[in-house]
> 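Take this structure first; my questions come after.
Proteins get letters first, then strands, A, B, ... in listed order; numbering begins at 1 in each. Every value quoted in this text rests on a predicted model; they were computed, and no experiment measured them.
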2 protein chains.
Amino acid sequence: MKEGPDIAQIGSLIGDPARANILTALMGGRALTATELAAAAGVTLQTASAHLAKLEAGSLLAQRKQGRHRYFTLADDRVGKLLEGIMGFAASRGHLRHRPGPKEPALRKARICYDHLAGDYGVRMLDSLVEAGAISVMGEGLNLTARGEKHLGSIGIDVSGLRSSRRPLCRSCLDWSERRAHLAGSLGKALLSNFFDKGWARRTENSRSIFFTPEGERRFLALFPLEIGDGKPKPELDEKH
Amino acid sequence: MKEGPDIAQIGSLIGDPARANILTALMGGRALTATELAAAAGVTLQTASAHLAKLEAGSLLAQRKQGRHRYFTLADDRVGKLLEGIMGFAASRGHLRHRPGPKEPALRKARICYDHLAGDYGVRMLDSLVEAGAISVMGEGLNLTARGEKHLGSIGIDVSGLRSSRRPLCRSCLDWSERRAHLAGSLGKALLSNFFDKGWARRTENSRSIFFTPEGERRFLALFPLEIGDGKPKPELDEKH
DNA sequence: TTCATACTTCGATCGTAACCGAAGCATCTC
DNA sequence: GAGATGCTTCGGTTACGATCGAAGTATGAA
């Protein structure tokens with residue numbers, strides 16, 4: 001026995017509620033201080049400090065000192081991907097948090113998933129891009145078509161610049177609320193940044209939910225139309241796999 | 001706070017060493033009894049029984065009574081995929097088990113990854129199929145070409161039958177030992193079964209490693225040749241993503 | 001220098017869960 | 001039926017780790 005990688009170690013890192021809260025908070029994509037994370041986790045600063053040290057030792061987190069602050073982020077996007085995967089799995093088993101809370105609807109509508117758009121709007125965006133022939137679905141993989149590259153260029157996305165990154169351009173990410181795929185990867189990130197830059201949407205303070213302005217919402221829906229009202233189109237990478 | 005799915009619950013399920021051992025043992029794909037799993041985990045039967053109950057309550061495991069035995073398996077292939085993902089992540093962080101042990105080389109050469117071939121041989125097989133134009137790589141997705149379907153048909157794989165399954169035909173799975181992709185999905189499963197059926201290889205008793213007969217090894221290597229000795233070809237879905 | 005803020009380290013407490021021995025239940029064999 | 005095997009339940013012990021108060025360190029501001 002004792003074969004293979006030590007999954008127990010990283011399991012136990014994620015398995016503590018306080019640490020899980022910290023990681024979930026950092027899935028929001030911004031760097032947060034120890035104090036902020038302590039509040040997010042619902043523990044005192046000392047306790048959070050101990051948790052943060054463990055998470056860093058386990059290389060799930062990276063920290064950056066800035067003056068007397070210590071900003072923590074997820075170590076890299078692989079951590080984000082791992083957490084996405086676990087969240088998707090947990091949601092598929094119905095392991096949701098017990099109290100849905102008032103923020104739940106906003107989260108389901110639009111939220112940040114590490115660095116890209118998720119929730120109802122994220123799913124809609126991918127569906128629309130697929131319908132428009134901008135992205136082709138191939139098994140589990142997504143690919144930007146020439147047509148899509150041109151289309152996104154007209155919105156202001158520099159695709160060739162993104163290609164030079166080591167991250168893949170398109171990735172599908174399973175949405176825990178919608179249980180369907182949305183667009184991740186550097187393109188997913190670029191699109192969300194684009195919305196922020198244009199002032200269509202902004203982050204909310206203490207939540208992963210994303211707030212769209214009325215104008216931004218109108219524009220977003222116009223830019224990513226759907227053929228049928230909400231007829232659950234193609235890429236269902238979730239149920240079957 | 002308290003947003004989203006409860007990742008702490010499944011983290012803590014995986015986070016206990018005994019349970020992690022049980023899950024790892026079940027990644028071997030066969031159904032195992034409580035007694036066997038207790039031995040694999042290195043705990044007594046009573047303790048294992050408690051762990052198994054928890055894992056089943058968390059819907060990671062399924063059990064099937066057969067006479068006075070209770071056979072446990074992973075609940076479905078989503079669990080396998082989840083564990084694969086965590087293993088790949090853990091390996092990428094260097095969180096390997098401390099004592100490499102004597103079985104390690106065999107594991108690295110060829111092992112079963114839930115239901116398909118992994119390790120050096122698994123990576124070679126995919127590389128070879130890609131080189132031969134049987135499988136095309138597209139971002140993170142893999143796709144079987146018409147040529148590949150024909151080729152595999154000649155080996156005795158009924159591709160059209162596999163297509164009817166709800167599982168995707170091709171999936172790439174990150175190898176924790178090689179840190180490169182190998183072939184998963186229903187096709188990966190079918191290929192491994194094919195090797196077993198032909199008597200090229202067989203499972204080993206208490207390990208996930210796969211033993212190739214000399215004849216089987218020869219045939220396997222001939223069937224999946226590589227251009228350059230081991231020049232680390234295309235699909236590196238691991239580092240960048 | 002002095003004070004405040006941000007965070008870490010130390011030390012002690014406490015709760016939970018992993019663990020095993022023993023007993024109990026179920027199923028098969030003879 | 002009697003006995004063996006496979007597994008679960010119960011009860012008690014133990015150990016680990018999460019927690020926080022208090023004290024210590026580092027950085028910035030006044």
> Of the listed nucleotides (D:dA18, D:dC7, C:dC20), which one gets closest to any side-chain atom of A:R19?
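Side chain of A:R19 sits closest to D:dA18.
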> Assign B:A48 to base, sugar-phosphate, or nothing according to its heavy-atom contacts below 4.0 angstrom with the strands shown.
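If one applies the 4.0 Å heavy-atom cut-off, B:A48 turns out to touch nothing in the nucleic acid.
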> Whole angstrom is fine here: how far is it from CG in B:L55 over to P in D:dT8?
12 Å
> I need the B:L60 CG to B:L52 CG distance, nearest 0.5 Å.
11.5 Å
> For A:S177 and A:R111, which heavy atoms make the closest approach, and how far apart are they?
OG-NH1, 3.0 Å
> Is the terminal nitrogen or CZ of A:R108 (NZ for Lys, CZ for Arg) located under 6.0 angstrom from the six-membered ring centre of A:W176 and within 45° of that ring's axis?
no
> Nearest whole angstrom, please: distance from the P of C:dA17 to the NZ of B:K54.
6 Å
> Does A:H51 make a side-chain N or O approach to OP1 or OP2 of D:dT19 shorter than 4.0 Å?
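Indeed, a polar side-chain atom of A:H51 lies that close.
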> State whether A:T47 places a side-chain N or O below 4.0 Å from either non-bridging phosphate oxygen (OP1 or OP2) of D:dC20.
yes
> In terms of side-chain heavy atoms, does B:S186 have a donor or acceptor partner in B:S165 at a distance below 3.5 Å?
no
> Could you state the atom-to-atom distance from CG of A:L32 to C1' of C:dC7 in whole Å?
15 Å
> Just the rounded figure in Å: distance from C1' of D:dT8 to CZ of B:R68.
16 Å
> Give the rounded distance in Å between these two atoms: NZ of B:K65 and P of C:dC28.
9 Å
> Take the protein atom CG of A:L45 and the nucleotide atom C1' of D:dT19, then report the distance between them rounded to whole Å.
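Taking atom C1' of D:dT19 as the reference, CG of A:L45 is at 13 Å.
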> Name the residue closer to the 5' end of DNA chain D, choosing between A:G67 and B:T33 according to the nucleotide with the nearest heavy atom.
B:T33
> Just how far, in rounded Å, is P of D:dA18 from CD1 of A:I22?
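Checked: the CD1 to P distance equals 11 Å.
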> Roughly, in whole Å, what's the span from CG in B:L52 to P in D:dT8?
7 Å
> Judged by each residue's nearest nucleotide on DNA chain C, which is more toward the 5′ side, A:A50 or B:Q46?
A:A50
> Closest heavy-atom contact between B:L117 and B:A110?
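Taking B:L117 first and B:A110 second, the nearest heavy atoms are CD1-CB, 4.2 Å.
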> Relative to the 5' end of DNA chain D, which residue comes earlier, A:D16 or A:Q66, by the nucleotide with the nearest heavy atom?
A:D16
